[in-house]
Structures are given as C-alpha cells and as structure tokens.
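In this text, all values refer to a predicted model and were calculated from it rather than measured experimentally. Proteins come first, then strands; the chains are lettered A, B, ... in the order of their sequence lines, and each starts at number 1.
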Amino acid sequence: MNLRIISANLVVKLTSFYREKSAMLFTIAFPIILILVFGTIFMSQDNVSYHLCVQDLDQTNSSAQAVKTLELSGTFKITRVDPAVNATRYVIENQVNLVLIIPKGYESSLMQRMTLNDFKASVTITYIYDPSSSSVATKMQILNAVLAGMNQEMSGYPPFIRSVQTSILTKKYRFIDYFVPGIIAMSVMTLSLFGTVNLNTELRQKGVIRKLSTTPITRTDWILSNILYQFILAVISTIAMLLVSYAVFEVNLHIDAWLLAFILLDVFAFVGIGMILTRFVKEAQSAAAAANAISFPMMFLSGSFFPIELMPGFLQTLAKTLPLYYVNEGLRASMVFEDNMAALRYSMVIGVFVVVVFILGIIATQWEEGK
Amino acid sequence: MPKETEYAIEVENLTKRYGDLLAVNDISFTVRRGEVFAFLGPNGAGKTTTVEIIDTIRTPTSGKVTLLGMDVTKKKHDIVPRIGVLPQGFSSFDRITVRETLQYYSRLFCCANTDIDELIELVNLKDKTKEQYMNLSGGLKQRLGIAIALVNDPEVVFLDEPTTGLDPRARREVWEVLLGLKKKGKTVFLTTHYMEEAELLADTVAIISKGKIIAMGSPGELIESNANYLALTLHSVDERTFEIVRKMGFEPIHDNHKNIKVRVEHTDDVQKILNAIKSAGALYLSLDVRKPNLEEVFLKLTGEALREDPPEMEAK
Ligand SMILES: Nc1ncnc2c1ncn2[C@@H]1O[C@H](COP(=O)(O)OP(=O)(O)OP(=O)(O)O)[C@@H](O)[C@H]1O
Ligand SMILES: [Mg+2]
C-alpha cells in the first residue's frame with residue numbers, strides 16, 4: 001500500500017468526476033429525484049385528506065359554523081357548493097363522488113334542541129354520492145365518525161369510552177423516514193457497482209490498465225483508491241439526499257457513525273461484486289447489463305422501497321439472502337429506530353459478506369492481460 | 001545488484017502460444033545498451049507479443065528474457081522503475097490535461113523528481129499543456145504517450161508502433177523526438193511497419209514474420225546481404241531503348257508510363273547502358289539510380305508486402 005500512489009489516483013479520479021457533468025448528474029441529481037418523486041407519493045399517503053363538497057341550503061351562522069367544524073377536523077378539504085344548483089347534477093358534471101347537503105331549517109331545529117331541550121328536533125344531512133367511485137365508501141365512514149363526534153360534543157356530556165394511541169416506536173415516524181434510508185442504501189449500491197464496472201471495463205478496453213501495469217502501482221493500490229473514490233462519491237450523494245429530505249419532507253432521522261459505517265460496508269460489498277463482474281464479463285456493454293441484472297432485483301426484493309413484511313413469505317426468505325437487505329435494515333435500525341444492537345447485528349452479517357466478496361474481487365482483478 | 005552486462009536485453013529461445021496459435025516461435029536476439037533496436041514486421045507478426053513479454057506486461061510460454069540483467073518473469077518489481085513503455089494503441093484518462101497526466105504518472109514512480117516542463121518541451125507540447133487528453137489529435141496523444149514513457153528517466157524505452165496512424169508531418173515530429181532519445185544514449189526498442197522509420201532511426205533492425213526473426217542486422221548490412229543490386233529507371237524512353245538494353249544482356253521491365261526498369265550489379269553497368277543508348281541515338285527524358293531499401297529486402301525474404309498499400313516508388 002502506497003499513500004502517494006493512492007492519492008495520485010484519487011486526484012485523477014475526482015478531477016475526471018468533477019469535469020464529467022453527466023457523472024455528477026447521475027451521482028447527485030438522480031438520487032435526489034428519486035427522493036422527491038417517491039417522497040411526494042408517500043407523503044400524500046401519510047396525511048390523507050379527502051375532498052368534500054358541501055351545499056349549505058340553510059345559509060345561517062349555525063350552518064356555516066357546522067361546515068367550519070368539518071373543515072377544522074383536518075380530514076377534509078371543503079368545497080362550498082352554490083345552494084342554487086342541483087346537487088345530483090353537480091356530482092355528475094363536476095365528477096366529484098360526494099356532496100353533503102345541509103338542509104334548510106338547520107339553525108331553527110338546532111335552536112329548538114338547544115334552548116327548548118326538545119329531543120324530537122333533529123336535522124337530516126343528505127349524502128349525494130356516486131357509488132361507482134372506489135373511495136367514496138371510506139369517505140362516508142369517516143364522515144359518519146366526524147358527525148358522531150359532533151353529535152356527542154353537542155350533547156354536553158363527556159364521552160365514556162376514550163381512546164389513546166400508543167405507537168410501538170418511541171417516536172412518531174412517517175413512511176418517508178422509513179423510505180430515505182432505503183434510497184440511500186440503494187443509491188450507494190448502484191453508484192459503487194456501476195462505477196466500478198464502468199471504470200474498469202472502460203480503462204481496460206482503452207489499454208490504460210495495460211499502461212499502468214508498467215508503472216510501480218500495485219493491484220492493491222489500484223483497488224484501494226477505487227474504494228476510496230467510490231466512498232467519497234457515496235458520501236457526497238448521501239449528503240445531497242439527506243439535505244433534500246430534511247428541507248422538503250422535514251424527515252426525522254438519527255445520524256451517527258453507523259450511517260458512515262453502513263455506507264462503507266455498502267461500498268465495499270458492491271465494489272467487490274463489480275470487480276468480480278469485470279473479471280468475467282469483458283465487454284463494457286455486457287458488463288453494464290450484468291450489473292443491471294444484479295442491482296435491479298436487489299432494489300425491489302431487499303425492501304428498499306417498502307417493508308419486506310408486505311411481501312409473500314418466500315420472497316421474504318429470498319430478501320434475507322441479499323446483501324442490500326442488511327444494509328437497508330441496518331440503516332433503518334440506526335437512523336429510524338436508534339437500535340444500536342440491531343445495527344450491530346446487521347453490520348456483522350454484511351461485514352462477513354464484504355470480507356468474502358472482497359477477497360474474491362481482489363483475486364479476480366487481473367492486472368496483466370493476455371497471460 | 002544484478003551484474004551489468006553489455007546487453008540491455010537478452011532474449012533466448014522465447015516462445016509464446018495463445019491456445020493453439022504460435023505467436024512467437026523460438027526467437028533469440030540481444031539488444032546492446034544505448035542502441036536503437038527496431039522490430040519490423042507486418043500485422044500479426046508477433047511484435048507486440050514479444051515487446052510486451054520483454055517489458056513485463058505479458059508472460060512467456062517458454063524461453064528466457066533478461067532485461068538490464070534481470071529475469072523479466074521474476075524481477076518485475078525491480079525492472080519497472082527503470083523502463084518506460086508506450087504500449088500499442090496507447091490511451092489515457094479522457095478529462096485529464098497534458099500537464100496533469102504527466103504529473104500523475106511521475107507521482108506513480110517513487111522519488112522521480114521529473115522536470116515536467118522539460119518533458120513537455122522535449123515532445124513539443126508546450127501550447128497544449130492545459131488541453132484535456134480527449135481533445136488532443138492522434139499525433140499529440142502519441143507524443144504525450146512518449147513523454148509519459150519518459151517520466152521516470154528510464155534506461156530502456158519500449159515504443160510499440162509510435163507512429164502508426166499519424167500523418168507524414170506528425171510522424172516526422174515523432175522521429176525528431178526519438179532521435180533526441182538516441183542522442184541522450186537511451187536504449188530504445190521500437191516496433192514499426194514502416195521501413196523508412198527503421199532505416200532512419202535504428203542501429204539494428206530485426207525483420208519478424210509469423211513469429212520468427214528472418215533477418216537481423218544494421219539497415220545497411222541487411223540491404224547489402226539481401227538486395228545487392230542497383231535499380232536503374234529510365235523515364236519516357238522511345239521504343240529502341242528497350243531493345244538496346246535487352247541486347248546488352250540485362251532484363252529490362254516496361255511499365256505503363258513508357259518507363260523501363262533495369263537491375264544492375266555495379267555503377268559501371270549504368271555507365272555502359274547510358275553510353276550504348278547515346279551512341280545509338282535513342283532518347284530518354286530522365287533517369288534515376290537507387291539502392292534498394294528494406295521494403296525490397298522484406299519482399300525478397302518473405303514474398304509478402306510489409307503493408308497492404310502499394311509501395312510509393314512503384315507508383316511513379
Ligand atoms: N491476447 C491474445 N490472445 C490471443 N491471441 C493473441 C493475443 N494477442 C495477440 N494474439 C495473436 O498473436 C499473433 C501476434 O500478435 P501481435 O499482436 O504480437 O502482432 P503484431 O506484430 O504486434 O501485429 P500488429 O502490427 O498488428 O500490431 C496474432 O495472430 C494475434 O492475433
Ligand atoms: Mg502490435
């Protein structure tokens with residue numbers, strides 16, 4: 001190992017990286033786009049809010065107050081429908097699935113109930129709905145629950161059965177918090193794997209490796225500088241992803257040395273696999289195809305995007321044989337659940353994998369060609 | 001310390017097989033210190049294979065190769081700092097500039113306090129120091145490759161086809177650089193398809209064909225021993241001249257431009273032919289007398305042309 005040679009290699013690689021704009025884009029912009037796209041999709045799942053049309057035929061202070069209460073429940077986004085239009089036609093013409101109608105006489109019935117304690121006084125709220133819409137049933141159930149709450153409130157008695165929510169997690173976490181570590185693990189994998197495969201096949205095809213073999217640089221120096229370079233890229237890429245996640249989605253993630261450790265393990269594992277690939281697949285194009293064939297299933301099967309608990313049993317078993325699964329779970333253990341013991345366990349599994357793959361990778365890397 | 005011999009390179013019974021293909025077939029030769037040694041041969045002759053075995057890129061199937069007194073298969077580590085290599089089809093990092101590239105390679109060699117400016121001057125790349133490798137023309141890339149081969153001030157320089165693919169001017173510029181190396185007393189091992197190059201630069205030429213060395217010596221010796229004649233060409237002759245020469249016992253050849261070519265042994269024969277033409281009152285416009293070159297030696301030895309394109313002098 002020679003630090004002078006390794007740093008010379010690093011300078012050349014980082015300079016090339018800096019000057020090649022498309023590589024920059026791939027390293028930084030691509031993971032950020034992933035975070036933005038998937039983050040937006042999952043965010044809307046986190047804060048479900050339904051669109052609700054309300055037609056207030058009463059047009060009094062009390063009816064307006066009722067609409068306001070619905071709005072303040074936070075579950076609904078209210079659109080007020082002009083009392084003059086026909087609600088059924090409105091549903092058809094505007095392609096909404098539900099209009100709630102507050103009848104005329106709402107305020108007077110309310111007065112009768114509240115001031116005269118006349119229990120016979122009541123109002124009927126009508127739902128005009130489109131049964132062909134798939135989400136309308138859920139919407140009406142939630143609406144019923146909200147209306148029941150309002151009824152209970154008006155009765156003036158405190159409720160008998162109360163509920164309190166206790167999460168199994170010590171802190172509240174959202175899907176995006178779960179998702180970001182998966183994307184980090186996946187991006188670092190892709191960068192390391194493709195970076196190694198592309199760099200090595202390209203330099204070998206161009207004969208640069210042949211030239212290097214007539215200089216004092218050793219195989220170990222070459223591989224170490226490669227790792228270090230990929231690690232720097234992975235860190236840059238991770239920082240970019242985290243910044244965006246914090247700025248746009250206000251994620252709640254715990255960052256400590258485990259993050260660096262798992263990035264390093266991720267880099268080692270997939271640089272190792274890349275080195276083995278380049279040994280057996282000579283052509284640049286087929287090497288890239290082989291890298292795809294490895295990384296693609298890994299992305300979807302190892303739980304980068306969603307918890308593997310959602311997958312059928314045999315796929316869960318399969319996931320546990322994939323190295324990326326342990327990086328995913330390890331990162332989540334440290335960043336989301338702050339569970340150091342779990343992080344340690346996962347890091348040991350991937351650590352053993354890394355040692356094996358890396359030794360194979362070093363053996364596979366061939367300096368002299370056409371022996 | 002290995003013993004310092006008179007020879008920079010000693011090759012004994014070197015053989016290289018690729019599967020069934022015998023690429024280098026039991027060759028032996030030596031290269032003296034300070035000489036320019038050229039391997040001349042057509043495509044696939046085994047030049048690159050031989051050079052890359054000597055400069056430690058490939059390994060031999062059998063035979064012994066000693067470079068600077070060291071066995072190339074055992075002492076790669078000690079040999080590498082003392083040699084400089086321009087591999088065939090050299091290439092470098094696309095987005096790294098000329099100066100940065102030279103700095104990079106010089107840092108790979110321990111303690112090489114290379115004077116990069118001097119190197120840049122030597123290969124005439126002063127105006128291009130800030131140019132990225134991918135923006136250089138073929139000739140400039142090749143010159144940078146030669147400069148890289150020199151960053152560690154090597155004792156032996158290997159240049160595998162340094163001028164292939166260059167235009168005549170760029171080729172001449174590379175020759176200038178190589179002549180400079182020769183003056184500095186470097187041992188240079190050169191491979192080429194171009195006999196002009198070998199004739200101009202080399203002290204010793206080895207002609208290689210199908211993995212075998214078929215002739216070796218200085219360019220002069222090779223020509224002397226394999227093509228010991230003069231070629232006389234008479235331009236725009238009239239009909240009588242052909243007959244006159246033929247009757248004198250020579251074997252003139254007509255070409256389609258009203259020229260005739262005659263092979264003669266001595267300059268005296270030229271004189272005799274010219275006198276005979278003059279006294280007969282026959283006419284010719286001009287003439288030239290030429291010693292044959294390595295191209296013809298090669299043709300004679302192998303029966304095949306060195307390159308696919310027709311040799312220039314036949315075209316006139
Ligand atoms: N790595 C290899 N594997 C298999 N065959 C090879 C390999 N390298 C060269 N050969 C074969 O060995 C023979 C000699 O090749 P070599 O490259 O030494 O020729 P060369 O004289 O350098 O030719 P050129 O002028 O085209 O560079 C050729 O037939 C070539 O196809
Ligand atoms: Mg060659």
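Around the NZ atom of B/Lys75, the shell of radius 6.0 Å holds no more than 12 heavy atoms that belong to other residues, nucleotides or ligands.
Note that the CZ atom of B/Arg107 and the CG atom of A/Asn2 stand 10.0 Å from one another [nearest 0.5 Å]. Here the OH atom belonging to B/Tyr104 is positioned 6.5 Å from the OG1 atom belonging to A/Thr215, to the nearest 0.5 angstrom. Taking OG from B/Ser91 and CD1 from A/Ile209, the interatomic distance works out to 11.5 Å, rounded to the nearest 0.5 Å. Distance check: B/Ile79 CD1 to A/Thr214 OG1 gives 12.0 Å after rounding to the nearest 0.5 Å. Atom-to-atom distance recorded for B/Glu52:CD and A/Arg210:CZ is 5.0 Å, nearest 0.5 angstrom.
With a 4.5 Å cut-off on side-chain heavy atoms, B/Tyr105 and A/Leu212 count as touching.
Residues of residues 133-149 of chain B that come within less than 4.5 angstrom of chain A, heavy atom to heavy atom, are B/Ile148, B/Ala149 in numerical order. At a heavy-atom cut-off of under 4.5 Å, chain B is reached by A/Thr15, A/Ser16, A/Arg19, A/Glu20 from residues 13-22 of chain A, listed in order of number.
Contacts of B/Gln103 with chain A are absent, with no heavy-atom separation under 4.5 Å from either backbone or side chain. In this structure, no portion of B/Phe158 lies under 4.5 Å from any heavy atom of chain A. In this structure, the portions of A/Asn9 lying under 4.5 Å from any heavy atom of chain B include both its backbone and its side chain.
The most heavy-atom pairs under 4.5 Å with chain B, out of A/Asp221, A/Val208, A/Val11, come from A/Val208.
B/Lys76 places a side-chain N or O within 3.5 Å of a backbone atom of A/Ser213 that can act as its donor or acceptor partner. Between the side chain of A/Lys211 and the backbone N or O of B/Val85, at least one donor-acceptor pair lies under 3.5 Å.
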